[in-house]
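Worth saying up front: this structure is predicted, and the values here are computed from it rather than measured. Chain A is the first sequence line, chain B the second, and so forth, proteins listed ahead of strands; every chain is numbered from 1.
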Amino acid sequence: MCGRTAVSLGADGIRRACTYRDKQGRRRHPEWKNADKYSPSYNKCPQSINPVLLSQQHFEKDSSSSEYVLVAMRWGLIPAWFKEDEPSKMQYNTSNCRSDTMMEKLSYKFNKSDIEDKDPGGQRLLTMAGIFDCWEPPNGEEALYSYTIITVEASKSVSSIHHRMPAILDGDEAVGKWLDFAEIPTQEALKFIHPIENLAFHPVSTVVNNSRNNTPECVVPIQLDLKKKTKVSASSKMMMNWLTNKPKKEEDDGLPRWSSQFIQAASASRKTSINVMNQGIEKEEGEPSAKQCKNQ
DNA sequence: CCAGACGTTGTT
DNA sequence: GTCTGG
DNA sequence: CCAGACGTTGTT
DNA sequence: GTCTGG
């Protein structure tokens with residue numbers, strides 16, 4: 001639930017999808033710090049590099065709180081004080097952090113930085129709240145930016161499939177407040193982090209389970225057919241075709257167009273089908289299938 | 001004082 | 001069972 | 001998050 | 001780096 005995602009927009013598409021209005025009300029696009037480190041995928045797992053939107057003030061103290069930048073960061077926070085020479089030596093899972101305890105956790109506590117992570121789904125990105133840090137490897141290699149996604153109790157609608165969900169910032173105002181660390185400290189900003197109902201979701205194929213798979217099949221809705229195997233519906237096939245064949249230009253294009261409506265309606269967000277499928281399978285066949293009841 | 005930890009999810 | 005790699 | 005490994009010595 | 005446990 002909170003450990004896999006997808007971003008199909010390329011660096012420039014992300015940049016345009018992150019269009020915002022500054023204090024003067026002008027439309028702006030955030031600049032990328034390291035766009036080259038990011039690449040889109042239908043299957044983004046912890047440790048992958050993803051687009052993170054944050055206040056320019058993290059880099060330039062005098063800049064306006066309404067100026068944003070994009071930084072490609074590793075999913076799974078490596079705190080600045082981490083002593084080993086490789087991120088993979090982190091013993092603990094820091095891809096998520098619980099909203100209710102993050103202020104007491106040593107790994108997250110004095111991270112000066114609020115962040116927000118931008119993610120995909122259609123033309124409107126799914127904006128998840130997180131925190132980041134910058135770690136300098138002791139061996140003198142390049143600094144690594146990394147982040148963790150905050151989790152909350154599942155909202156009512158989501159609780160039918162899972163008991164936790166990512167903290168989602170629903171709308172520009174919420175995003176702006178979360179990013180404005182100078183005006184609103186983390187402690188305060190956490191108060192408006194809450195489970196949201198305004199979410200669409202659908203089951204997807206177990207193809208997504210293997211993080212090596214990176215095809216539209218990872219995000220396209222499937223029909224949960226309680227009898228027999230699950231099937232890809234006709235409309236899903238259409239969408240899959242569309243995703244597969246859409247020209248390169250369009251891939252990197254965050255601007256609304258005729259097809260975006262389709263995407264937005266059909267896949268505003270997506271979830272692993274496994275838990276839902278379990279319910280189906282157990283009902284149908286009465287098998288408490290051990291394998292499938294594993295964690296997420 | 002020093003040593004050692006520093007995390008989440010899910011499942012039983 | 002638990003850790004690492006994707 | 002899930003999938004896949006989980007080991008050593010010696011030889012080609 | 002900072003906190004907790006001994």
**Student:** Counting any heavy atom closer than 4.0 Å, what does A:T151 reach on the DNA or RNA strands: base, sugar-phosphate only, or nothing?
**Tutor:**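 Sugar-phosphate, backbone atoms only, no base.
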**Student:** Do A:W32 and A:Y38 make the cut of ring centroids closer than 6.0 angstrom?
**Tutor:**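 Yes, they do, as the ring centres are separated by less than 6.0 Å.
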**Student:** Got a second to check how far A:Q91's CD is from A:E84's CD, nearest 0.5 Å?
**Tutor:**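 Result: 8.0 Å between the selected atoms.
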**Student:** Whether A:S107 contacts B:dG7 is assessed here as follows: a side-chain N or O lying under 4.0 Å from the phosphate OP1 or OP2. Is that the case?
**Tutor:**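 Yes.
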**Student:** Tell me if the side-chain of A:N93 makes a donor-acceptor pair with the base of B:dT8, cut-off 3.5 Å, by modelled atom types.
**Tutor:**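 Check passes, donor-acceptor contact within cut-off.
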**Student:** Report the distance from atom CD1 of A:I149 to atom P of B:dT9, rounded to the nearest whole Å.
**Tutor:**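 Distance check: A:I149 CD1 to B:dT9 P gives 12 Å.
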**Student:** For A:L106 and E:dG1, give me the distance from atom CG to atom P, rounded to whole Å.
**Tutor:**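 The answer, rounded to whole Å, is 14 Å.
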**Student:** Please name the pair of heavy atoms, one in A:C218 and one in A:V207, separated by the smallest distance, quoted to 0.1 Å.
**Tutor:**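 It is SG-CG1, 4.1 Å.
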**Student:** Dump the intermediate steps for salt bridge (Lys or Arg N to Asp or Glu O under 4.0 Å) on A:K177 and A:D180, then the final yes or no.
**Tutor:** CA-CA 5 Å; A:K177 285 163 96 176; A:D180 192 355; over 6 Å; no
**Student:** For A:W81 and E:dG1, say yes or no: do the ring centres fall under 5.5 Å of each other while the ring planes differ by less than 30°?
**Tutor:**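 The base of E:dG1 is stacked with A:W81 (centres under 5.5 Å, planes under 30°).
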**Student:** For atom P, what is the distance between B:dT8 and C:dG1, given to the nearest Å?
**Tutor:**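 Each nucleotide's P atom is 23 Å from the other's.
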**Student:** Please determine whether a side-chain nitrogen or oxygen atom of A:R98 lies at a distance below 4.0 Å from atom OP1 or OP2 of B:dT9.
**Tutor:**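 Yes, because at least one side-chain N or O of A:R98 sits under 4.0 Å from OP1 or OP2 of B:dT9.
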**Student:** Rounding to an integer number of angstrom, what distance separates C:dT2 and B:dC6 when you compare their P atoms?
**Tutor:**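 One P to the other, the span is 16 Å.
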**Student:** Does C:dG6 have OP1 or OP2 under 4.0 Å away from a side-chain N or O of A:R212?
**Tutor:**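 Result: no.
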**Student:** Answer with base, sugar-phosphate or nothing: what part of the nucleic acid does A:K83 contact at a heavy-atom distance below 4.0 Å?
**Tutor:**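 Base: the residue A:K83, judged by heavy atoms under 4.0 Å, touches a nucleobase.
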**Student:** Could you tell me whether the side chain of A:K44 has a donor or acceptor atom within less than 3.5 Å of a complementary atom in the base of C:dG6?
**Tutor:**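 Side chain to base: no pair below 3.5 Å.
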**Student:** Using the P atoms only, state how far D:dG10 lies from B:dG4, rounded to an integer number of Å.
**Tutor:**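 The same atom, P, in both gives a distance of 36 Å.
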